[in-house]
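The chain is numbered in sequence order, starting from 1. Every value quoted in this text rests on a predicted model; they were computed, and no experiment measured them.
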Amino acid sequence: METTSAVFRFAPSPNGELHLGHAYSALLNHKMAREAGATFLLRIEDIDRARCTKAYEQQLEDDLYFLGIDWDDTPRRQSEHFPDYAAALEALADEELIYPAFMSRGDIRAHAERHIEETGKPWPHDPDGAPLYPGLDRKLSTRERERKMSDGERFAWRLDMEAAVERVPALRFTETGRSPDGASGEIAARPLDWGDVVLGRMEMPTSYHLAVVVDDALQGVTDVVRGQDLFHAASVHRLLQALLGLSAPRYHHHDLILGADGRKLSKSARDTSLKALREAGLGAEDIRRMVGFPGRPAAECFSRARSATR
């Protein structure tokens, strides 16, 4: 097999047990990397120190080995690289593209509800369904921001999305899989759909969006293979790459394995977890077949998983 300079990665969070959806994504990543003679990396996305544990990390590595998945090099743990993310956040601050935002999620929901009551018009939501940040704190004076911060008010660092998009308009990214509506090829990025996204918090210098972009660049990732539920996030990631002067990988968003109710599988649904399936006596080849490698209907995957764990 000819070796290439391509780099793939599988990047789970150790905040619960891997399920059938993770198995499919990991197997597809691994298959595409090995067939291309590329490097395949495992990254542990554990910035959420309250929910991520070493026990879950060990379990996910055991599950991957069980499926026959190996990786190159030592896994990168995000919790060991906060200075990398802080440097990126500082670079954006130097460009006056981020600001401290003091409204909590509850405050945002309340603001959206008042808007609906007062105007009768809906409040905009991001692609994940959360109400967009109103941006009220963007208008605070430097003096007022400093007062709030010195008083210990909790805040998050948010990207001034409109200012950011003005710097790098008309961005595109390469999609070799397909979007939820079937699009592929060169895709126009739509970061404005997300509003002023969180890039860091007062106690932690990063968020998922910032950390994943920094990690992909530092690890030389050329191909990001992940579920369609993260397709819209690629728009934010492409914007951050442009703002920080980072290279852009190719993206391949794959179909999701859905539960019997048609929803995306969750780590809370233990009856589809790899650990539970293994305890029920299923082997690696059983699980590989269940996730349709290649191509078994998702509903059948879920049905067989439920049967196996009863």
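Within the structure, every pair that satisfies the side-chain hydrogen bond (donor to acceptor under 3.5 Å, both in side chains) test and touches residues 158-168, not counting sequence neighbours, is listed here: Glu95-Arg167.
Panel note: side chain Arg288, backbone Leu67; a donor-acceptor pair is recorded below 3.5 Å. For the pair Asp46 (side chain) and Ser79 (backbone), a donor-acceptor distance under 3.5 Å is present. Asp107 places a side-chain N or O within donor-acceptor distance of the main-chain N or O of Ser104, the cut-off being under 3.5 Å. Using a distance-only test at 3.5 Å, with no hydrogens or angles considered, no donor-acceptor pair links the side chain of Asp216 to the main chain of Val213. Within the 3.5 Å criterion, the main-chain N or O of Cys52 finds no donor-acceptor partner in the side chain of Asp48.
Asp181 and Ser179 form a side-chain donor-acceptor contact under 3.5 Å, judged by distance and modelled atom types alone. Inspection of the Arg226 and His253 side chains reveals an N or O donor paired with an N or O acceptor under 3.5 Å.
Checked against the 6.0 Å centroid threshold, Tyr99 and Phe155 do not count as a close aromatic pair. The aromatic ring centroids of Phe40 and Phe8 lie 6.0 Å or more from each other. Between His111 and Trp123, a ring centre-to-centre spacing shorter than 6.0 Å is recorded. In this structure, His209 has its ring center under 6.0 Å from that of Trp194. Under the 6.0 Å cut-off for aromatic ring centres, Tyr24 and His254 qualify, their centroids lying closer than that. Close placement of the Tyr208 and His237 rings is indicated, their centers lying within 6.0 Å of each other.
The environment of CD in Glu90 is sparse: at most 12 heavy-atom neighbours from other residues, nucleotides or ligands sit within 6.0 Å. Heavy atoms of other residues, nucleotides or ligands lying less than 6.0 angstrom from CZ of Arg147 number more than 12. Within a 6.0 Å sphere centred on CZ of Arg278, other residues, nucleotides and ligands contribute more than 12 heavy atoms. Remark: Lys148 NZ is packed, more than 12 non-hydrogen atoms of other residues, nucleotides or ligands lying under 6.0 Å away. Counting heavy-atom neighbours within 6.0 Å of Glu96 CD, excluding the residue itself, gives a total of 12 or less.
A salt bridge links Arg190 with Asp193; the closest basic N to acidic carboxylate O contact falls under 4.0 Å.
The heavy-atom pair separating Ala38 from Val7 by the smallest distance is CB-N, 4.4 Å.
Side-chain contact between Leu64 and Asp70: absent, with no pair of heavy atoms (C-beta onward) separated by less than 4.5 Å.
Note: Glu57 CD to Asp62 CG = 10.5 Å, rounded to the nearest 0.5 Å. Put simply, CG on Leu27 and CE on Met32 are 13.0 Å apart, with the number rounded to the nearest 0.5 Å.
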